[in-house]
Amino acid sequence: MLLLLVCIPNIANAYINRPNAVVRIMNKAAGKTQTVRVPVGKNFEYEKLNVNVRACKQTDPFEVENHFMFIEISKNGDGQIFGGWMNRNAPGDNPLQNADYDLWLVGCEADLTGN
C-alpha cells in the first residue's frame, strides 16, 4: 500500500492597515477626473459626494501586491449610493458606478511620517 502525504501549508493572508486611501473620482458630466488622498475614518466631501473610508489594507510585502478598502459613499439628496469593499487589482468587480460619478481605489498609503 502506498501512502501519499500531502502537506498543505497553513497560509494566512496578512494585511497591513494603512491610514490613507488614494481614490480616483470621475465627474462624468464635467468630464474631469481627480485623484485624492482620503484619511481612513474621516469624512471627505467631493462636490455632491460624502466619502468615508472605513478601512484601507495592503497585502503583506511578501505576497502579490494588492490593496483593498471598505468605503461608504452618499450623495446629497440620494442618501447612501455605495457601501462595500473595493479591490485595486480588480477595479471592475465592485466600483462605484453612478449616473454622475465613478470612483475606484488607486491604493493605500502610509502617513507622510512613515506610519
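Excluded from the calculations below are hydrogen atoms, water molecules and symmetry mates; all remaining heavy atoms, backbone and side chain alike, are included.
Of all the heavy atoms in Lys57 and Cys108, the pair that sits closest is N-SG, 3.5 Å. Annotation for Val40 and Arg54: closest pair CG1-O, 3.4 Å, computed over non-hydrogen atoms. Considering all non-hydrogen atoms of both residues, Ala110 and Pro19 come closest at CA-CD, 3.8 Å. The heavy-atom pair separating Pro39 from Asn20 by the smallest distance is CA-OD1, 3.5 Å.
One hydrophobic cluster holds both Ile81 and Val51 under the rule that ILVMFWY side chains link at heavy-atom gaps under 4.5 Å. Hydrophobic cluster membership differs between Val106 and Val23, with clusters built from Ile, Leu, Val, Met, Phe, Trp and Tyr side chains linked at under 4.5 angstrom. Both Val36 and Leu103 are assigned to one and the same hydrophobic cluster, defined by single-linkage of ILVMFWY side chains at heavy-atom distances under 4.5 Å.
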ring-ring contact (aromatic ring centres under 6.0 Å, His included) between Phe70 and Trp85, intermediate numbers included: CA-CA 4 Å; Phe70 189 86; Trp85 286 96; 5.5 Å; yes
Between Gln80 and Ile73, does a side-chain contact (heavy atoms from CB on, under 4.5 Å) hold up when you go through it step by step? CA-CA 6 Å; Gln80 185 169 326; Ile73 305 167; over 6 Å; no
Please determine whether side-chain contact (heavy atoms from CB on, under 4.5 Å) holds for the pair Ile71 and Met86, giving the CA-CA distance in whole Å, both sets of side-chain angles, and the decisive distance to 0.1 Å. CA-CA 8 Å; Ile71 188 169; Met86 289 188 180; 4.1 Å; yes
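Between the CG atom of Asn50 and the CD atom of Glu45 there is a distance of 5.5 Å, given to the nearest 0.5 Å. For the atom pair Glu65 CD and Arg88 CZ, the distance stands at 4.5 Å (nearest 0.5 Å). Rounding to the nearest 0.5 Å places CG of Leu49 at 7.0 Å from CG of Leu96. The line from CD1 of Ile25 to CZ of Phe44 is 5.5 Å long, rounded to the nearest 0.5 Å.
For the residue pair Asn27 and Lys32, no side-chain donor N or O sits within less than 3.5 Å of a side-chain acceptor on the partner.
His67 is listed as a side-chain neighbour of Gln58, based on a closest heavy-atom distance under 4.5 Å.
With Tyr101 as reference, Glu47 is the one residue of Glu47, Lys75, Lys48 to meet the side chain to side chain donor-acceptor pair (under 3.5 Å) rule.
Put simply, the side chain of Thr59 gets close to the backbone of Val64: a donor and an acceptor are under 3.5 Å apart. Not a single donor-acceptor pair under 3.5 Å links the side chain of Asn87 to the backbone N or O of Phe68.
Within 6.0 Å of atom NZ in Lys28, more than 12 heavy atoms from other residues, nucleotides or ligands are found, so the atom counts as buried in its surroundings.
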